[in-house]
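Throughout, protein chains are lettered first and strands after them, A, B, ... in sequence-line order, and every chain is numbered starting at 1.
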Number of protein chains: 2
Amino acid sequence: MSLVEKNKMNGDLNKRLTTGGLRLTPQRQQVYDVLIQKRDHPTAEEVFIRAKQAMPDISMATVYNCLDALVQCGLVRQVQLERGATRFCPNMEEHCHYYCDECGTVFDVALTGNSAVVPRPKGFKIDHYEIAVHGLCASCAAKRKK
Amino acid sequence: MSLVEKNKMNGDLNKRLTTGGLRLTPQRQQVYDVLIQKRDHPTAEEVFIRAKQAMPDISMATVYNCLDALVQCGLVRQVQLERGATRFCPNMEEHCHYYCDECGTVFDVALTGNSAVVPRPKGFKIDHYEIAVHGLCASCAAKRKK
DNA sequence: TCCTAATTTGGAATTATTCTAAGTATTGAC
DNA sequence: GTCAATACTTAGAATAATTCCAAATTAGGA
């Protein structure tokens with residue numbers, strides 16, 4: 001990412017956070033950077049490990065706090081694909097998650113115009129929705145056939 | 001449920017399980033009954049508590065084993081809506097889950113013909129998908145307005 | 001009936017997440 | 001810039017959810 005882009009991103013980050021009474025701290029920036037740099041839907045644990053490389057004193061509690069803050073202000077989404085650890089995804093476009101039940105890989109697929117319209121039950125105020133598609137990724141499906 | 005229906009259900013249960021080398025045991029039947037009797041998307045813990053009423057000696061490990069067996073043979077689906085406990089749902093029709101972020105209520109809405117078509121990325125072999133809609137239920141949304 | 005494999009059990013172990021209390025940093029008012 | 005108020009970070013303890021384990025039991029097929 002260019003410096004210009006990065007500065008713009010930080011401005012956005014700051015604006016988003018402060019609107020909700022939250023603050024932009026070096027740790028939150030770092031956690032967000034980690035998510036942006038490698039969009040492989042890491043768990044909190046993985047974010048922690050990656051963030052420590054640049055910021056060795058960051059703690060697990062802070063990673064959770066940062067992730068929660070980012071989720072709260074709409075910069076990151078929380079993704080629950082299996083029993084166990086929650087994953088985090090900085091892609092805020094409408095998309096669904098494809099999860100390989102064999103190897104655990106996750107990837108995003110954008111939702112285009114006519115796909116995936118969820119019903120709008122009366123009275124329910126929709127905030128957002130998550131679509132998780134389970135199955136076998138191309139590579140694991142190929143292996144199975146052998 | 002009538003006795004006839006129940007017997008039919010058990011036959012189905014048995015067939016489904018045995019096809020995958022699994023067995024129909026009293027515990028699995030009990031766990032399945034619990035799910036059918038109150039379809040409020042209970043957690044494993046809640047299933048455990050309810051199952052104990054009819055079968056006091058059932059253990060938590062068995063509840064997990066039963067739930068996993070039922071999920072594996074396609075009679076129950078696992079639902080991940082938030083951080084924390086997994087929920088279980090015996091409704092195998094295509095539907096999505098509406099989750100109230102305020103009070104935690106969950107309800108199903110059937111997917112009708114034109115709604116929710118997920119993309120089919122090349123090579124990925126889809127097994128099933130889960131749609132979780134987050135927001136405020138009618139009652140909580142109304143309270144908020146006040 | 002006998003054998004084999006699947007299942008159940010209680011408890012220990014592990015993993016994921018939350019809580020707590022004390023110190024530190026940031027913000028806005030003056 | 002100083003000060004008070006509030007938000008944030010930290011390490012570690014505590015809790016919650018799930019998995020693992022080894023021994024005893026049960027179910028299904030020959």
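- Atom-to-atom, NZ of B:Lys52 to C1' of C:dG10 comes out at 12 Å; the value is rounded to the nearest Å.
- Among the heavy atoms of the strands, none lies under 4.0 Å from B:Thr43.
- Helix bend of the helix from C:dT1-D:dA30 to C:dC30-D:dG1: the angle between its two end axes, each built from five pairs, comes to 50° after rounding to 10°.
- Checking the phosphate oxygens (OP1, OP2) of C:dT9, a side-chain nitrogen or oxygen of B:Gln27 falls inside 4.0 Å.
- Here B:Arg23 lies in heavy-atom contact (under 4.0 Å) with a base.
- Note: CZ (A:Phe48) to P (C:dT18) measures 16 Å, nearest angstrom.
- Within a heavy-atom distance below 4.0 Å of DNA chain D, the residues of residues 56-80 of chain A found are A:Asp57, A:Ile58, A:Ser59, A:Ala61, A:Thr62, A:Asn65.
- Here B:Met60 contributes atom CE and B:Asn65 contributes atom CG; the two are 12.0 Å apart, rounded to the nearest 0.5 Å.
- In this view, B:Lys38 and B:Asp40 satisfy the salt bridge (charged side-chain N to carboxylate O under 4.0 Å, His left out) rule, not counting sequence neighbours.
- With sequence neighbours left out, B:Asn91 forms a side-chain contact (heavy atoms from CB on, under 4.5 Å) with B:Arg39, B:Cys89, B:Glu93, B:His95, B:Asp108.
- The shortest distance between side-chain heavy atoms of A:Leu17 and A:Thr25 does not fall below 4.5 Å.
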(request) Verify side chain to side chain contact (heavy atoms under 4.5 Å, CB included) between B:Phe88 and B:Arg77, making sure each step is shown before the conclusion. (result) CA-CA 6 Å; B:Phe88 296 87; B:Arg77 47 170 79 189; over 6 Å; no

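- Looking at residues two or more places apart in sequence or on another chain, you find a side-chain contact (heavy atoms from CB on, under 4.5 Å) between A:Ala85 and A:Thr43.
- When side chains are defined from C-beta on, B:Val47 counts as touching B:Leu35, because their heavy atoms get closer than 4.5 Å.
- Annotation: side-chain contact (heavy atoms from CB on, under 4.5 Å) contacts of A:Gln80 (sequence neighbours excluded): A:Thr86, B:Gln80, B:Arg83.
- Atom C1' of nucleotide C:dT7 and atom CG of B:Leu13 are separated by 16 Å, given to the nearest angstrom.
- Taking the side-chain contact (heavy atoms from CB on, under 4.5 Å) definition, one finds that A:Phe124 meets it with A:Pro121, A:Ile126, B:Tyr98, B:Phe107, B:Val133, B:Cys137, sequence neighbours left out.
- Here B:Thr18 lies out of heavy-atom contact (under 4.0 Å) with every strand.
- The separation between B:Arg83 atom CZ and C:dC19 atom P is 10 Å, rounded to whole Å.
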Polar pairs (N or O, both sides) under 3.5 Å between protein and nucleotides 28-30 of chain C?
none

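- Residues that satisfy the salt bridge (charged side-chain N to carboxylate O under 4.0 Å, His left out) test with B:Glu45, not counting sequence neighbours, are absent from this structure.
- In 5' to 3' order, the nucleotides of DNA chain D bounding all contacts with chain A (an atom under 4.0 Å from a heavy atom) are D:dT6 to D:dT19.
- In this structure, A:Arg28 contributes its side chain and A:Arg23 its backbone to a donor-acceptor pair below 3.5 Å.
- Other members of the hydrophobic cluster containing B:Tyr99, listed by chain and number, are B:Val79, B:Leu81, B:Val106; membership follows side-chain contacts under 4.5 Å among ILVMFWY residues, whether direct or relayed.
- Taking the six-membered ring where tryptophan is involved, the planes of A:His97 and A:His41 are perpendicular, since the angle between them exceeds 60° and thus also 30°.
- Along DNA chain C, the nucleotide nearest to B:Gly21 and the one nearest to A:Ala44 differ in position, and the one closer to the 5' end is contacted by B:Gly21.
- When rounded to the nearest whole Å, the span between CG of A:Leu22 and P of C:dT26 equals 15 Å.
- Residues satisfying the salt bridge (charged side-chain N to carboxylate O under 4.0 Å, His left out) test with A:Arg87, not counting sequence neighbours, are A:Glu82.
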